Amino acid sequence: MELNFTPASQSEDVDDLARECQRRLQPIISEVVRTAVAAGWNESDVLLATAEVAWKLYEGYRSESG
């Protein structure tokens with residue numbers, strides 16, 4: 001899978017940035033889930049694992065920057 005992100009918006013609005021990030025990541029995550037389900041994985045397990053990975057990354061970022 002190739003990831004082609006254009007530069008992020010320079011918006012000061014945190015909500016706008018969060019929505020844009022979600023818009024860009026949603027197709028990627030959907031493809032991961034679709035592919036895992038096609039391979040026989042449980043959709044709920046894949047979604048939960050994705051959320052847990054994202055949370056661990058967030059916690060790591062917070063501990064490094066704070």
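Everything numeric here is computed off the predicted structure, so don't read it as measured data.
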Mind running salt bridge (charged side-chain N to carboxylate O under 4.0 Å, His left out) on R34 and E31 for me, showing each step along the way? CA-CA 5 Å; R34 186 192 67 73; E31 181 64 15; 2.7 Å; yes
Would you give the length of the straight line joining atom [atom1] of [X] to atom [atom2] of [Y], rounded to the nearest 0.5 angstrom?
X   : Y   : atom1 : atom2 : result
R23 : D16 : CZ    : CG    : 12.0 Å
S30 : L25 : OG    : CG    : 10.5 Å
D13 : R19 : CG    : CZ    : 6.5 Å

Honestly curious: do I28 and L47 fall in one hydrophobic cluster under the side-chain, below-4.5 Å linking rule? yes
Are W41 and V33 co-members of a hydrophobic cluster defined by side-chain heavy atoms under 4.5 Å apart?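 Cluster IDs for V33 and W41 match.
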How far apart are the closest heavy atoms of G60 and S63, and which atoms are they?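 Nearest pair, atom of G60 first, then S63: O-OG, 3.0 Å.
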Dump the intermediate steps for salt bridge (charged side-chain N to carboxylate O under 4.0 Å, His left out) on R24 and E20, then the final yes or no. CA-CA 6 Å; R24 293 179 186 201; E20 179 65 10; 2.8 Å; yes
